[in-house]
Amino acid sequence: MPDIADKYKLHENFYLQDTLTVSAALLGKILVRKTGRHVLSGKIVETEAYLGDSDPACHAYGRVTPRNHTLYMKGGIAYVYFIYGNYYCFNVVTERKGVGAAVLIRAVEPFTGVEQMKLRRPKIRTEHDLTNGPAKLCLSFGIDRKLNEADLQSDEIYISKGNKEKFTIAVSRRIGIEKGAHFPYRFFIKDNPYVTRHKLNKEIISEMKS
DNA sequence: TATTCGATGTGCT
DNA sequence: GCACATCGAATAC
């Protein structure tokens, strides 16, 4: 069943651009997840770029393995990995086949399907806790390893254009890593309440307008 | 409010 | 064996 939002899906060429460009450009776009009759969606408010086999923080650093081979596929698919024995993180693969780069979606602002998200996360305290973190949003959106390598032109998960609002993009170091930690590869919408709460929010390296 | 710490399973060395 | 792109409960203040 076609959905009105389908015609606003980001074109596959969007994902073939430079990874830092994609990482910043994804802010304000809408992540859409369809499960059964439900449509869950949210505005992307925080991302991190992982630049491929030359970036020591990227899973593609080093050899090709069963886990990271997804990263080397053509941009425009999902890379979902399991972490810390409990959680999943959702990435968008970028650039040409063989580059090994991706953008981690770290936080979204819920748009539709909030009640369904709450059913999946009955213990949250505030609405922010639904999606202000990479593993939290995967829980709320029902994203797990079954979506690894999913085509972002598919209906089960995709990203569409947002509205034309203007906002300030802030840039900081990446969160939760040790190798390659000093690179300014984290992008977030300044002052958006759904951004991950972190001390790096006060250590903004640069800003730009969307 | 800020910081610490345990849970947990998988992939790679 | 150990590191790990996290979370949330417990603790300290």
Within a reach of under 6.0 Å around [atom1] of [X], are more than 12 heavy atoms found that belong to other residues, nucleotides or ligands?
| X | atom1 | value |
| --- | --- | --- |
| A:R120 | CZ | yes |
| A:Y61 | OH | no |
| A:E178 | CD | no |

Residue-phosphate contact under 4.0 Å: [X] side-chain N/O, [N] OP1/OP2:
| X | N | answer |
| --- | --- | --- |
| A:R106 | C:dT6 | yes |
| A:R121 | C:dG8 | yes |
| A:K136 | C:dG8 | yes |

Integer-rounded Å distance: [N] [atom2] and [X] [atom1]:
| X | N | atom1 | atom2 | value |
| --- | --- | --- | --- | --- |
| A:L71 | C:dA5 | CG | C1' | 11 Å |
| A:I124 | C:dG8 | CD1 | P | 9 Å |
| A:F82 | C:dA5 | CZ | P | 14 Å |
| A:K199 | B:dT4 | NZ | P | 9 Å |
| A:N68 | C:dA5 | CG | P | 13 Å |
| A:I177 | C:dC4 | CD1 | P | 10 Å |
| A:I175 | C:dC4 | CD1 | P | 17 Å |
| A:N132 | C:dT6 | CG | P | 13 Å |

Next on the checklist: Centroid distance below 5.5 Å plus an interplanar angle below 30 degrees: do A:Y87 and C:dT6 meet both conditions?
Outcome noted: no

Checklist entry - Stacking check: are the rings of A:Y50 and C:dA5 less than 5.5 Å apart at their centres and under 30 degrees in tilt? => result yes

Next on the checklist: Please classify the nucleic acid contact of A:R174 as base, sugar-phosphate, or nothing, using heavy-atom distances under 4.0 Å.
Outcome noted: nothing

Next on the checklist: Over all strands shown, is A:N91 touching base, sugar-phosphate only, or nothing at heavy-atom distances under 4.0 angstrom?
Outcome noted: base

Checklist entry - Measuring from A:H128:NE2 to A:E109:CD, what's the distance to the nearest 0.5 Å? => result 8.0 Å

Next on the checklist: Nearest to the A:Y84 side chain among C:dC4, B:dT10, C:dC7, which nucleotide is it?
Outcome noted: C:dC4

Checklist outcome for this item: Checking C:dC4, C:dT6, B:dT8 against the side chain of A:N86 (C-beta onward), the nearest is B:dT8

Next on the checklist: If we ignore hydrogens and angles and just use 3.5 Å, is the side chain of A:T47 paired with the main-chain N or O of A:S23 as donor and acceptor?
Outcome noted: yes

Checklist entry - With side chains defined as the heavy atoms from C-beta onward, is the minimum distance between A:L10 and A:L152 less than 4.5 Å? => result no

Checklist entry - Got A:S172 and A:R186 here, is their nearest side-chain heavy-atom distance under 4.5 Å? => result yes

Checklist entry - List DNA chain C stems (3 or more consecutive Watson-Crick/G-U pairs, under 3.5 Å)? => result B:1-7 with C:6-12, B:9-12 with C:1-4

Checklist outcome for this item: By nearest-heavy-atom nucleotide on DNA chain C, the more 5' of A:L139 and A:H59 is A:H59

Checklist entry - Starting at the 5' end of DNA chain C and moving along, which residue's nearest nucleotide shows up first, A:A135 or A:G85? => result A:G85

Checklist entry - Does a side-chain N-to-carboxylate-O contact under 4.0 Å join A:K74 and A:D151? => result no

